[in-house]
Peer 1: 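Below is a structure I'd like to ask you about.
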Amino acid sequence: MAKRLKIAASAHKYGGEFLVAGSIVLVLVLLFVKLKPEPISIFDVAVVIGALFAMFIGYFKLSEPRYNLVLSNNGLVFYHRYGKVRISRDNIAEVGQVSIANDEQFIELSCLGLRLKSIAPLIKRMPPRLALKLIMEQRSWLIAGIKVKWPLGNVPDDWLIEANQYQDKFESNGLLAMMSHRLEHFNELYGYHFLISYNYFDRPADEFVNLLQHWLRDPEKTIEKYSNIK
């Protein structure tokens with residue numbers, strides 16, 4: 001079986017620890033409150049709330065994917081809480097740090113960019129639920145680029161609200177059409193179609209960009225190298 005390189009999701013880390021610690025504290029506090037002769041104090045209530053909050057954080061973390069990115073010789077799979085999407089390595093033209101500049105300012109976003117040869121295969125495979133979540137999550141990146149590209153505010157109307165129809169060979173409509181327009185807008189602003197936040201991953205930004213660039217050139221060697229690093 002061909003090797004795969006799994007990039008751990010930072011949001012998933014310590015979820016079990018938060019859940020277990022919160023549960024233990026909650027049980028101990030409830031036992032203490034039941035056995036002590038004094039009435040319940042504000043401190044007792046605060047500790048219970050803190051324990052419940054820790055349990056909530058743990059549950060939320062555990063509901064996130066264990067891995068956000070899995071690399072194979074043929075492509076990558078991006079995992080999100082709201083779905084996953086596969087991108088073929090043959091469809092990736094370039095990988096790099098996302099940035100934009102004009103005569104007065106330079107902005108570097110905290111995300112990795114993938115420039116695709118065609119967005120059609122990505123859109124065809126993307127669940128509408130994931131498309132909706134990415135459209136919402138990544139709107140701040142769109143606005144940041146718009147402010148640099150059009151500093152005087154003369155923004156075309158179709159950039160502020162993505163249309164729900166997109167003319168391609170699949171005739172996309174609805175959320176997938178809106179996602180198609182978003183990918184095209186990102187490419188015009190930043191030179192990359194699909195953006196992935198560094199917050200998803202378990203290593204520094206420059207190391208992650210370097211890993212993906214090496215993988216794009218030589219996937220088998222890169223997967224073998226990083227699989228052996230613990």
Side-chain angles (χ1 to χ4, degrees), residues 7 9-11 64 68-69 71 76 78-83 85 87-89 91-123 126 128 130-168 172-217 222:
I7 310 297
S10 59
E64 295 289 335
N68 274 130
L69 202 67
L71 306 177
L76 61 83
F78 172 67
Y79 290 87
H80 190 282
R81 188 180 183 186
Y82 290 87
V85 65
I87 303 176
S88 170
R89 176 175 160 268
N91 191 35
I92 301 175
E94 185 182 349
V95 176
Q97 166 65 48
V98 179
S99 62
I100 186 173
N102 58 22
D103 294 336
E104 298 181 355
Q105 57 182 319
F106 172 82
I107 294 179
E108 191 171 81
L109 301 184
S110 59
C111 60
L112 171 88
L114 304 178
R115 183 163 59 84
L116 307 177
K117 297 174 184 177
S118 170
I119 67 171
L122 172 62
I123 294 299
M126 182 173 290
L130 175 58
L132 174 61
K133 192 61 179 178
L134 292 179
I135 288 170
M136 295 169 61
E137 283 183 353
Q138 299 181 356
R139 184 162 179 80
S140 61
W141 293 342
L142 177 69
I143 299 301
I146 285 175
K147 288 180 178 178
V148 175
K149 186 175 178 65
W150 290 285
L152 299 179
N154 52 334
V155 186
D157 292 339
D158 61 339
W159 277 73
L160 299 175
I161 301 177
E162 283 102 356
N164 58 6
Q165 291 185 343
Y166 185 83
Q167 294 300 320
D168 60 6
S172 302
N173 53 62
L175 290 171
L176 295 182
M178 295 173 69
M179 190 65 193
S180 298
H181 288 293
R182 176 65 62 84
L183 297 179
E184 295 289 6
H185 289 162
F186 277 157
N187 186 50
E188 185 170 340
L189 290 171
Y190 303 115
Y192 299 103
H193 294 95
F194 193 65
L195 310 187
I196 307 175
S197 173
Y198 291 133
N199 293 332
Y200 287 128
F201 306 119
D202 60 355
R203 59 200 70 201
D206 55 348
E207 182 182 337
F208 187 66
V209 171
N210 185 60
L211 188 160
L212 264 291
Q213 289 174 340
H214 278 82
W215 168 80
L216 189 59
R217 292 193 295 268
T222 303

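Position 1 is the first residue of the sequence; numbering continues from there.
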Peer 1: Going from CD1 on Ile143 to CH2 on Trp159, what distance comes out if it is rounded to the nearest 0.5 angstrom?
Peer 2: 10.5 Å
Peer 1: Under 3.5 Å, is there a donor-acceptor pair between the side chain of Arg89 and the main chain of Leu216?
Peer 2: yes
Peer 1: With a 4.5 Å cut-off on side-chain heavy atoms, are Leu211 and Leu71 touching?
Peer 2: yes
Peer 1: Run Trp215 and Ile92 through side chain to side chain contact (heavy atoms under 4.5 Å, CB included) and show every step you take.
Peer 2: CA-CA 11 Å; Trp215 168 80; Ile92 301 175; 3.9 Å; yes
Peer 1: Look at the aromatic rings of Phe78 and Phe194 and report parallel, tilted or perpendicular, splitting at 30° and 60°.
Peer 2: perpendicular
Peer 1: Supply the atom-to-atom distance Leu189 CG to Leu109 CG, rounded to the nearest 0.5 angstrom.
Peer 2: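 Between atom CG of Leu189 and atom CG of Leu109 there are 9.5 Å.
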Peer 1: Throw together a table of side-chain donor-acceptor distances under 3.5 angstrom for residues 149-157, partners on residues two or more places apart or in other chains.
Peer 2:
none

Peer 1: Can you tell me how far CG of Leu69 sits from CG of Leu112, rounded to the nearest 0.5 angstrom?
Peer 2: 8.5 Å
Peer 1: With distance as the sole criterion, is a donor-acceptor pair present between the side chains of Tyr198 and Gln97 under 3.5 Å?
Peer 2: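 The criterion, which ignores hydrogens and geometry beyond distance, is satisfied for Gln97 and Tyr198.
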Peer 1: Nearest 0.5 Å, what's the CZ-CG distance between Arg217 and Leu212?
Peer 2: 11.0 Å
Peer 1: Which atom names give the shortest non-hydrogen contact between Ala93 and Lys117, and what distance separates them?
Peer 2: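 Shortest heavy-atom separation between Ala93 and Lys117 comes out as CB-CG, 4.0 Å.
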Peer 1: Just by distance, do the side chain of Gln213 and the backbone of Val95 share a donor-acceptor pair under 3.5 Å?
Peer 2: yes
Peer 1: Kindly compute the distance separating CD1 (Ile135) from NE2 (His181), expressed to the nearest 0.5 Å.
Peer 2: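 The NE2 atom of His181 is 10.0 Å from CD1 of Ile135, to the nearest 0.5 Å.
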Peer 1: State whether the side chain of Tyr192 and the backbone N or O of Val98 hold a donor-acceptor pair below 3.5 Å, judged by distance alone.
Peer 2: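 Checked: no pair found.
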Peer 1: As a test of understanding, state which of Leu134, Leu114, Leu122 forms a side-chain contact (heavy atoms from CB on, under 4.5 Å) with Leu183.
Peer 2: Leu122
Peer 1: Could you tell me the separation between the CG atom of Asn68 and the CZ atom of Arg81, rounded to the nearest 0.5 Å?
Peer 2: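 CZ of Arg81 is found 12.0 Å from CG of Asn68.
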Peer 1: Can a donor-acceptor pair be found, under 3.5 Å and without considering hydrogens, that links the side chain of Asn102 to the backbone of Val148?
Peer 2: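 Answer holds: yes.
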